[in-house]
Amino acid sequence: MSQADYELRRMPLQAYFQPEVPFIDSTGLLGLLRQAAFHDPLLLVGPTGLGKTLAVYAYAQEIGLPIVEFSCTEDTRDYDLIGAFGMEGDSTFFGLGALTTGIEVANEMHARFVAKKEAGDGAILLINECNALRPQTQKTLNPLLDFQGKLNVHKLGRAFSLDIGAKLWVVLTMNPSAYGGTNALNSDFKRRVQPVYLDYPAKENELKILMGLRAGVCDDEKMAIPDAVFAEKVAGDKPFVSMLLELAGDTRSATFEYALSTADLHQICRNAALWGVPKAMLLSTFKFEEAQQRAFFVKKVQSRMGVDVASINVLDAPATVPAPTKRRKTA
């Protein structure tokens, strides 16, 4: 099939620019990205909820670059990465996959840069949970991870390649191999990337992250933590947020299938503002599916905060049974 018989389809360039993200760089991850940018493909390895993806978005927004993001699963196939044919009426099109889209977006950004229509030059291809890919599918990425900078798409009889001067930085993320649903990385895959292993922030740095998300500092009202949460006391005169950080450490040091991440702590603080500390802590116990681990966490909440979550209900039954809710009329 010649290219005259089909069109290439992807979203417009503007779709790959995202709204500003509230990222607090207390650990130096953003600084690492600045230094490593467009050098080698970068593989960020660390527990979920650390802000790996958020940091990449913060860097892209700082420079003014688009991000083509793709999250891998065990069901990801070559066509998800390269593209596939489709039909609309009597017309045939080839919908680009994540990798081919990354190349095309980088080329478009460079063309705009040369024409002085845009300030940014380059694009980022962000591939999350790359170790969810099956070993054979991992090989599809290899040509983009080395000097070639191109993909041969045999079903089209053509290659997608970076134009001279165009820049595409491939950043990959993954959770440690101990997490479920992961595959070992091929040796040729590992040879092409620079891994960086990350761990949970030190307690003082994690506190800085939460403080950086407080109301008046964080511009996003939905994501901001009210000052009242930081003033909250538990178990006598202990600061709630400090005890929350201690609890997170308890889950990370124990042999837990799930550990409270920085993102979880942010959510719990926002829940505390919405529902109060006791119910926020009850909701946090639901993150632990395994009964023994949940029981351990419940005891830790009791000992550190003096909150008996076992006596709290997530639902508050009304004093009287209300009348049935009426459906709102629609036009």
Side-chain angles (χ1 to χ4, degrees), residues 27-48 50-53 55-57 59-60 63 65-83 96-107 110 122-155 158-199:
T27 62
L29 179 53
L30 185 56
L32 181 145
L33 294 175
R34 293 183 186 121
Q35 191 168 6
F38 295 96
H39 181 57
D40 288 324
L42 188 65
L43 172 60
L44 301 176
V45 186
T48 184
L50 282 188
K52 301 184 293 294
T53 297
V56 177
Y57 270 93
Y59 170 74
I63 306 302
L65 301 181
I67 291 184
V68 177
E69 181 180 1
F70 182 79
S71 295
C72 305
T73 69
E74 292 180 335
D75 295 326
T76 298
R77 296 294 183 267
D78 287 355
Y79 55 77
D80 295 309
L81 301 173
I82 294 175
L96 298 181
L99 307 187
T100 46
T101 295
I103 292 173
E104 293 292 287
V105 167
N107 287 341
H110 183 63
I124 296 175
L125 175 59
L126 176 60
I127 301 176
N128 289 318
E129 313 303 339
C130 62
N131 58 341
L133 294 174
R134 297 182 180 186
Q136 190 60 37
T137 308
Q138 292 173 22
K139 293 182 178 294
T140 306
L141 277 70
N142 287 347
L144 269 190
L145 299 178
D146 58 22
F147 66 93
Q148 299 179 58
K150 72 174 184 177
L151 286 172
N152 293 319
V153 183
H154 299 290
K155 67 178 71 175
R158 62 162 289 181
F160 288 82
S161 58
L162 291 170
D163 295 339
I164 296 175
K167 300 183 295 184
L168 178 64
W169 188 29
V170 182
V171 180
L172 309 106
T173 72
M174 60 178 261
N175 295 325
S177 56
Y179 282 56
T182 60
N183 297 293
L185 297 179
N186 292 326
S187 57
D188 53 347
F189 183 98
K190 291 189 288 187
R191 176 172 56 82
R192 289 171 163 84
V193 302
Q194 174 56 63
V196 174
Y197 284 79
L198 308 169
D199 202 352

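FYI, side chains are in, hydrogens and waters are out, and symmetry mates aren't considered; it's all heavy atoms of this structure. Starting from 1, each residue takes its place in the sequence as its number.
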Check: Asp78 main-chain N/O paired with Thr137 side-chain donor or acceptor under 3.5 Å: no
4.5 Å side-chain heavy-atom contact, Leu151 and Leu144: yes
Contact check, side chains of Glu69 and Asn128, non-hydrogen atoms, under 4.5 Å: yes
N/O donor-acceptor pair under 3.5 Å between Lys52 side chain and Leu172 backbone: no
Nearest atoms (heavy-atom pairs only) where Leu65 meets Gly122: CD2-O, 3.4 Å
Short side-chain to backbone donor-acceptor contact, Gln138 and Cys130, under 3.5 Å: no
Leu99 side chain near Phe70 side chain, heavy-atom distance below 4.5 Å: no
Heavy-atom check, side chain of Val193 versus side chain of Asp40, under 4.5 Å: no
Residue pair Tyr59 / Val171, side-chain heavy-atom distance below 4.5 Å: no
Heavy-atom side-chain proximity of Asp80 to Arg77 below 4.5 angstrom: yes
Side-chain heavy atoms of Val196 within contact of Leu29, under 4.5 Å: no
Cation-pi, Phe160 ring and Arg158 (6.0 angstrom, 45 degrees): yes
Partner of Val68 under side chain to side chain contact (heavy atoms under 4.5 Å, CB included), chosen from Leu126, Leu168, Val105: Val105
Polar side chain donor-acceptor pair, Thr48 to Asn175, under 3.5 angstrom: no
Member of Val170, Leu145, Leu185 meeting the side chain to side chain contact (heavy atoms under 4.5 Å, CB included) criterion with Leu43: Leu185
Rounded distance [0.5 Å steps], CD1 in Ile127 versus CG in Leu141: 4.0 Å
